[in-house]
Amino acid sequence: MPGETVEYHSIQLIRDEFLMNVQKFASNIQRTMQQLEGEIKLEMPTISVEGEVSDLAADPETVDILEQCVINWLNQISIAVEGQLKKTPQGKGPLAEIEFWRERNATLSALHEQTKLPIVRKVLDVIKESDSMLVANLQPVFTELFKLHTEASDNVRFLSTVERYFKNITHGSGFHVVLDTIPAMMSALRMVWIISRHYNKDERMIPLMERIAWEIAERVCRVVNLRTLFKENRASAQNKTLDARNTLKLWKKAYFDTRAKIEASGREARWEFDRKRLFERTDYMATICQDLSDILQVLEEFYNIFGPELKAVTGDPKRIDDVLCRVDGLVTPMENLTFDPFSIKSSQFWKYVMDEFKIEVLVIEKEAKHFIDESFKTLRSAEAAFDMLLKFKHIRSREAVNRQMMMKFNDILAQYCKEIDIINKIFVQNLENPPLYKNHPPVAGAIYWERSLFFRIKHTILRFQEVQEILDSDRGQEVKQKYLEVGKTMKEYEDRKYEQWMEATEQVLPALMKKSLLTKSSTAAEEPLTSERGAVFAINFSPALREIINETKYLEQLGFTVPELARNVALQEDKFLRYTDGIQRMLDHYHTLIGTLNEAESVLLNDHSQELLRVFRSGYKRLNWNSLGIGDYITGCKQAIGKFESLVHQIHKNADDISSRLTLIEAINLFKYPAAKSEEELPGVKEFFEHIERERARDVDHMVRWYLAIGPLLTKVEGLVVHTNTGKAPRLASYYEYWEKKIYEVLTKLILKNLQSFNSLILGNVPLFQTETILTAPEIILHPNTNEIDKMCFHCVRNCVEITKHFVRWMNGSCIECPPQKGEEEEVVIINFYNDISLNPQIIEQAVMIPQNVHRILINLMKYLQKWKRYRPLWKLDKAIVMEKFASKKPPCVAYDEKLQFYSKIAYEVMRHPLIKDEHCIRLQLGHLANTVQENAKSWVISLGKLLNESAKEELYSLHEEMEVLNRCV
């Protein structure tokens, strides 16, 4: 934007001003430091010069001392002047010359100011008064100092007026700053030439201008770097080289413009400077910058030719990329130069590089023309090729290649002919079954398809009209004729399709609008459907009617005239969509609702369903799509369905309450056995079965209460359906029967599940109860015995089945319990579910299987106890008789020892047997039996001990008597 450009340049100027002021400030500081460090101070006399000059001049001693002091001053001034005359500017730019004069001015100014000091003037007066020989030497030295100081001061003052321009040339942010500075700088130099007393001569002005030319040339060398120039953005690089060239040329032009003004004035000394010194290098560098600009322009022209458009047209991007690689390679020699291209000494080398560049450009041009000739023989798109040629007419590109391009219009026409043939072939092949866009109806879709094909060839020929000479040629006339023939064929196809549709629509549409809203049938022939007790309903909005509406809309968009009735129907499309959507939602709602009813609920709500169907009736009897009451009909149906739905939800709520109670009943565990007292001690048999009976009795009470709550819930349903609460409504008879069957099924599942579960526990490997083993001579038996255990198990299973006696059946056609009936012999009979459930084969099978399994387990335990029968002699034999018989034999001690060892071993052995035996659900406790056997074995040991004691006593007494007899004999 222009405003933004002005703001940008203002910012650049402020930046340059700031940078130059900072540099100036730094230079002043440096110069001040040099003056402080290198200031030449005149040595003052060591004696006092107070008093009259004549008095001091009369004193020879004082005069001698002051003469020596003056001699020192003359030496110091002479040395300083010689030193300044030997110095030269430190640098080749114009700023170096300004710094040179400033430094000389600073040094000489310090000396000159010291010569004006009062003490110095008085010493000089004393020397003059004394007629000293030094008076003749003083004047030349002081005159030279004054002359040089005046020159330096004037030069600094005048050069300061152009210092700003020199700084812009040296440090400006871009070439635009330099271009703006050069004319103003030349005007300022002209003023210096006119006014200055020292820079009005060739020997001063020519070196200054030579320094300016050097600075401008160096600035160009720094900015235009060939190693990076061609890697930059091409537009930026092109601007950079042109700005550099313009700067170099402006330097020369500004000089001659100023020279012409000086000559025109007639009052000023002419500028007859050595042009070679001022412009030889800058002129040469300007030609180099022009060469670089030409190179960048060539690259731009090649890139314009081999761009995306040519790739799209030719379809050979690889070959184009190869050509572009060669174009990129044109600048490789420039990027790798071994010499300075801006040096006049290297002009021959640069000329050789440029000649090679031009030769390579011609080679690439020739290859480009050959490639274009080949590519236009196999065009991909006539329009794209035409667009590309038009573009080349308006953009800058290689002249030779551009001329070659402009000769390719015949190739484009040939390609266009091919495209017409392809479009015509597609049209003929798909004439009978054209491809349609999504949601397009058949006729309008076919016309859309035909027009899209025609537009593809029409669009291209309209573009050709932009260059009239293309179609005016012989080849152009042939192409135009072919285009018209294909267009005529397509137009005839379009008209035929339209006329056929008009005729069919006028015949069919009135009948379609007179169809009823719904159809009712006994088969599900259409979707979406909903049925109730054999009736099937479907929306009777014909697909043909939908198609006519769509055709009407699209044909009007295409510009065709449609029948008035079809237009009116199409205008009502939104209304029909609302109606069909509303009816469909209503039927879906009805279908979903009916689908939630089971057979019993369908029978229960039959009257309400018939009432709902009466509301539906006008939809398939009276109303059609021309009717005005369709909206009211849908609203009425929705209200009726909502009322019916409310009733169904209430019935389902009561049904859910009943089902939840039946679920609770079905989940009851009728065999809740007691937990183990410890890891080794289980409940006894009697305790086990008594605990089950107690828990069962409590659960049965809960089950009966849940069962009794079902009747009131069914009475509530009766109130909802027939508005009575008798519990025996005839219309609910089947519903009562349905729930009674459910109760029967639940009780059957309850009993069967519990029996199966208990049977699994019986046959499981986890013991549930324990039984003791006792010795009742001469037999080992269980306590309680097997018969008692079998009986307790049988009673437990029978009681499980008999809990169904607590569930009293309902009277026929009601949900009221049957009262007790008198049977034979005045016996009171309560009708319950037991009579039916107890006859269930599966329940009978389980009820028989459980006692059998328990009995089988007991038999296995009794077999296990058979091993204990080997200890039977301990309690079966009469101990007294056996001992008497054994003693009568007078056995030796060894025999007694064997017997004692035998019974002691039995007493020890019997306690090493396992004292617990688990057999499926029964744990056999053998501890009591083992203790009894051990006690019997120990009693045998005691009896043998007594017998041995008596036998030993008798023998001892007998031996004692014999010894007494022998003693007496002795």
Side-chain angles (χ1 to χ4, degrees), residues 31 77-109 111-112 140-141 143-167 169-170 181-219 248 251-284 344:
R31 186 162 54 252
I77 293 172
S78 298
I79 292 171
V81 169
E82 288 177 6
Q84 289 299 318
L85 292 175
K86 291 179 180 179
K87 285 185 177 181
T88 57
Q90 300 298 308
K92 295 182 179 181
L95 289 175
E97 184 154 347
I98 294 177
E99 289 302 314
F100 165 76
W101 287 113
R102 278 189 177 143
E103 183 179 347
R104 175 177 287 188
N105 180 49
T107 302
L108 298 181
S109 176
L111 285 173
H112 185 261
V141 173
T143 302
E144 182 69 15
L145 174 62
F146 176 75
K147 176 185 173 184
L148 292 176
H149 169 252
T150 302
E151 180 187 21
S153 178
D154 286 349
N155 289 345
V156 168
R157 185 170 68 257
F158 286 110
L159 290 179
S160 294
T161 62
V162 293
E163 182 180 15
R164 174 186 181 83
Y165 305 116
F166 294 166
K167 287 181 177 180
I169 292 173
T170 308
T181 300
I182 289 175
M185 179 187 68
M186 279 298 181
S187 298
L189 289 173
R190 178 188 173 190
M191 294 303 297
V192 172
W193 174 261
I194 295 171
I195 300 172
S196 175
R197 289 179 294 176
H198 304 283
Y199 273 91
N200 58 356
K201 301 178 180 65
D202 291 1
E203 57 268 18
R204 284 286 171 81
M205 187 58 80
I206 290 176
L208 179 60
M209 285 196 169
E210 192 174 4
R211 287 176 177 276
I212 295 171
W214 180 89
E215 191 64 61
I216 293 173
E218 286 301 308
R219 179 69 181 266
L248 294 166
W251 157 243
K252 186 174 183 179
K253 179 177 181 300
Y255 168 80
F256 282 106
D257 288 347
T258 305
R259 180 175 178 272
K261 291 177 182 178
I262 293 173
E263 291 180 355
S265 68
R267 300 188 302 272
E268 305 161 19
R270 298 179 60 185
W271 278 4
E272 296 294 344
F273 303 147
D274 187 348
R275 297 180 185 181
K276 182 176 181 181
R277 291 175 63 184
L278 297 184
F279 305 117
E280 182 181 28
R281 185 184 179 195
T282 56
D283 287 348
Y284 176 74
I344 300 177

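Just so it is clear, the model here is predicted, and its values are computed rather than measured.
Residues F256 and R275 form a side-chain contact, since some pair of their non-hydrogen atoms from C-beta on lies under 4.5 Å apart. Counting only heavy atoms from C-beta outward, the side chains of D283 and K252 approach each other to under 4.5 Å. Side chains of E210 and L278 form a contact here, defined as non-hydrogen atoms less than 4.5 Å apart. Looking only at side-chain heavy atoms (C-beta outward), R102 and E97 stay at 4.5 Å or farther from each other.
To the nearest 0.5 angstrom, L189 atom CG is 5.0 Å from M209 atom CE. Atom CD of E103 is separated from atom CD of E99 by 8.5 Å, given to the nearest 0.5 angstrom. Considering CZ of R157 and CH2 of W101, their distance stands at 13.0 Å, rounded to 0.5 Å. Distance check: S196 OG to R204 CZ gives 8.5 Å after rounding to the nearest 0.5 Å.
Judged purely by atom type and a 3.5 angstrom limit, R211 uses its side chain to pair as donor or acceptor with the backbone of G93. One N or O on the side chain of S265 and one on the backbone of I262 form a donor-acceptor pair closer than 3.5 Å.
Of all heavy-atom pairs spanning R281 and E218, the tightest one is NH2-OE2, 2.9 Å. What you find for I182 and A254 is that their closest heavy atoms are CG2-CB, 3.6 Å.
No more than 12 heavy-atom neighbours from other residues, nucleotides or ligands sit within 6.0 angstrom of NZ on K92.
Test F273, W214, Y284, W251 against F279 for ring pair (Phe, Tyr, Trp, His ring centres under 6.0 Å) and you get one pass: W251.
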>> D257 vs K253, test: salt bridge (Lys or Arg N to Asp or Glu O under 4.0 Å). Steps then yes/no.
In response: CA-CA 6 Å; D257 288 347; K253 179 177 181 300; 2.9 Å; yes
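Shown here are the salt bridge (charged side-chain N to carboxylate O under 4.0 Å, His left out) partners of E215, two or more places apart in sequence or in another chain: there are none.
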